[in-house]
Amino acid sequence: MSKAAEIDIASVSKVYGATTAVHAISLKIPAGSYCCFLGPSGCGKTSTLRMIAGHESISSGDIRLGNVVVTDFPPARRGTAMMFQSYALFPHLDLVDNVAFSLKMKGIDRNERRAKALEMLRLMQMEAYASRRPAQLSGGQQQRVALARALITDPEALLLDEPLSALDPFLKIRMRAELKKLQKTLGITFVHVTHSQEEAMALADLIVIMNDGRIEQAASPRQVFEKPATAFVARFMGDHNVLSGRVTSSGEGILTLAAPEGQSFSVRGTGREVGEAIDIGIRTDRVRLTAADDRTLGFSGIVSNIEYRGSSVKITVLGAGSDDFTVIASDSDYFAKPVSVGDAVSLSWALEDAVLLGRMSA
């Protein structure tokens, strides 16, 4: 395979008429890394992927692959390959001819291209199915063929648009492991668009979280989990509660804020003025649930929902200006002292389990 390339996105925007889908984003994707673009529908992640691929024109800014500015290059000259969500296999061709198609377009000799296609099918453990048509394959097998077809061009970067979305949950997890293994084996840069937080956390070296055409955070999965940059990231990833309020005091590296319902909370941080609106995040699995008459460091609220999840129980609480404050309790802790919807409870957490969140993107 070709050497992996760094992808440098420099102040890239995409405008459709009066709508700006991507707002001057800048990002460096390290060579040989697995990068996942993550965010809700309409956040600009697929437009960004398509601009890297050359399937979408760039309104302003530049994209560099390695040392080459590819902004005006057609897709075939970029050194990238794209695997589409639909797989887009040709129903009338067998697997060898499907995989070899791009080499046929380049005028490569039939024997040579078919030998290369068989080599790619072998890599995907699909050699035994070489003479079949796409309709005779399962979803996971079709995906492997689509991957083989994308990789036959020896790309420096493979671009994947929600490649697992059509698969059933069990197969998704299996194919996730295979994608990660394939990326490590080939050593090339993978850029993968998904709306699944779990998928991004499992696969990525670098997670890029987008919202409304902007990058909210680009960091390792652990950094995103431990220290979400903004309230949007904290809420979207689902592992932090967000409480909002105004700073009432600041000193010795501790900020105190007052919530709308009058509760007072502390968080480590500096550089915020008294009276300024701030958000803090609290890890859902670090919140302790106690009886309402116990003294706590958190707040009291009313249980609004309980979900049993096997090894854990998710409890949702109303209070402190939040209508979905979440507690993830272990099953043993919960069933040792269960609560019911409508119960008054007190919640508490340690100072180190709260994180000061950055301001939302402008």
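The shown structure was predicted, so the numbers you read here are calculated from the model rather than taken from an experiment. All values below come from the heavy atoms of this structure, side chains included, with hydrogens, waters and symmetry mates left out. Start at 1 with the first residue, then count along the sequence.
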request  = Taking only Lys NZ, Arg NE, NH1 and NH2, and the carboxylate oxygens of Asp or Glu, determine whether Asp154 and Lys116 approach each other closer than 4.0 Å.
outcome  = yes

note = Note: Ala81 and Thr153 closest approach over all heavy atoms is CB-OG1, 3.9 Å

Value rounded to 0.5 Å, distance of CG in Leu243 from CZ in Phe265 = 5.0 Å

query = Closest approach of Val274 and Ser249, non-hydrogen atoms and distance?
reply = CG2-CA, 4.3 Å

request  = Please report the shortest heavy-atom distance between Ser244 and Leu257, naming the atom on each side.
outcome  = C-CD1, 4.0 Å

query = Using a side-chain heavy atom cutoff under 4.5 Å and only I, L, V, M, F, W and Y, what cluster partners does Leu357 have?
reply = Val242, Val355

query = Donor-acceptor pair, Ser322 side chain versus Asp324 backbone, under 3.5 Å?
reply = yes

query = Taking NZ, NE, NH1 and NH2 as the nitrogens, is one of them in Asp205 or Lys180 under 4.0 Å from a carboxylate oxygen of the other?
reply = yes

key: Distance in Å, Leu160 CG paired with Leu203 CG, rounded so as to fall on 0.5 Å steps   = 9.5 Å

query = Same hydrophobic cluster for Met120 and Leu93, using side-chain heavy-atom links shorter than 4.5 Å among ILVMFWY?
reply = no

query = Does NZ in Lys227 sit with more than 12 non-hydrogen atoms of other residues, nucleotides or ligands closer than 6.0 Å?
reply = no

key: Worked check of side-chain hydrogen bond (donor to acceptor under 3.5 Å, both in side chains) between Ser196 and Thr194   = CA-CA 5 Å; Ser196 164; Thr194 180; 4.6 Å; no

Given Arg235, Gln217, Glu216, the one that forms side-chain hydrogen bond (donor to acceptor under 3.5 Å, both in side chains) with Thr230 = Glu216

request  = Mark yes or no for whether Gln142, through its side chain, and Ala88, through its backbone, hold a donor-acceptor pair below 3.5 Å.
outcome  = no

inquiry  = Would you compute the distance between atom CZ of Arg149 and atom CZ of Phe90 and round it to the nearest 0.5 angstrom?
reply    = 6.0 Å

inquiry  = Counting C-beta onward and ignoring hydrogens, is there a side-chain heavy-atom pair between Leu255 and Ser250 closer than 4.5 Å?
reply    = yes

inquiry  = Tell me whether the count of non-hydrogen atoms from other residues, nucleotides or ligands lying under 6.0 Å of CD in Glu273 goes above 12.
reply    = no

inquiry  = If you count every heavy atom of other residues, nucleotides or ligands that lies below 6.0 Å from Asp109 atom CG, does the total exceed 12?
reply    = yes

ask   = Hey, is the main chain of Pro163 close enough, under 3.5 Å, to the side chain of Gln143 for a donor-acceptor pair?
value = yes

query = More than 12 foreign heavy atoms under 6.0 Å from CD of Gln125: is that the case here?
reply = no

Distance (rounded to the nearest 0.5 Å) between Lys314 NZ and Thr284 OG1 = 8.5 Å

ask   = Between the main-chain N or O of Arg246 and the side-chain N or O of Thr248, is there a donor-acceptor pair closer than 3.5 Å?
value = no

message = Quick check: closest heavy atoms across Ile52 and Ile9, and the distance to 0.1 Å?
response = CD1-CD1, 3.9 Å

inquiry  = Any side-chain to backbone donor/acceptor pair from Arg286 onto Trp349? Under 3.5 Å, distance only.
reply    = no

ask   = Are Ile108 and Leu118 in one and the same hydrophobic cluster, where Ile, Leu, Val, Met, Phe, Trp and Tyr link if side-chain heavy atoms are under 4.5 Å apart?
value = yes

inquiry  = Let's go through Asp97 and Arg114 carefully: what are the C-alpha distance in whole Å and the side-chain angles of both, what is the deciding distance for salt bridge (Lys or Arg N to Asp or Glu O under 4.0 Å) to 0.1 Å, and is it a yes or a no?
reply    = CA-CA 7 Å; Asp97 284 336; Arg114 284 181 68 86; 2.9 Å; yes

request  = Name the orientation class of the two ring planes belonging to Phe190 and Tyr34 (parallel below 30°, tilted from 30 to 60°, perpendicular beyond 60°).
outcome  = tilted

message = Could you check whether Arg77 makes a cation-pi contact with Phe73, meaning its NZ or CZ is under 6.0 Å from the centre of the six-membered ring and within 45° of the ring axis?
response = yes

request  = Keeping the roles fixed (side chain from Thr189, backbone from Ala5), state whether a donor-acceptor pair exists under 3.5 Å.
outcome  = yes

ask   = Is it true that Met175 and Leu137 fall in one hydrophobic cluster, defined by side-chain heavy atoms closer than 4.5 Å?
value = yes

query = Between Thr71 and Asp62, do the side chains contain an N or O donor and an N or O acceptor separated by less than 3.5 Å?
reply = yes

ask   = If you look at every heavy atom in Ile328 and Ser312, which pair is closest and at what distance?
value = CG2-CB, 3.9 Å

query = Got a sec, which residues hit side-chain hydrogen bond (donor to acceptor under 3.5 Å, both in side chains) with His55, two or more places apart in sequence or on another chain?
reply = none

note = Smallest heavy-atom separation, Leu158 atom then Ala150 atom, equals CD1-CB, 3.6 Å

request  = Output the distance between atom OG1 (Thr48) and atom NZ (Lys14), rounded to the nearest 0.5 Å.
outcome  = 11.0 Å

query = With distance as the sole test, does Ser33 use its side chain to make a donor-acceptor pair with the main-chain N or O of Cys35 at under 3.5 Å?
reply = no

message = I'd like to know if the side chain of Ser340 and the backbone of Asp343 have a donor-acceptor N/O pair within less than 3.5 Å.
response = no

Side-chain heavy atoms of Leu123 within contact of Glu119, under 4.5 Å = no

message = Side-chain heavy atoms nearer than 4.5 Å, only ILVMFWY residues, links allowed to pass through others: does that put Met51 and Tyr16 together?
response = no

request  = Give the cluster check for Ile58 versus Leu27: same hydrophobic cluster or not, with ILVMFWY residues linked at side-chain heavy-atom distances below 4.5 Å.
outcome  = yes

message = Let me confirm one number: the CD-CD1 distance from Glu198 to Ile173, rounded to the nearest 0.5 Å.
response = 6.0 Å

key: Under 3.5 Å donor-acceptor, Lys45 side chain and Leu38 backbone   = no

request  = Keeping the roles fixed (side chain from Ser13, backbone from Ser60), state whether a donor-acceptor pair exists under 3.5 Å.
outcome  = no

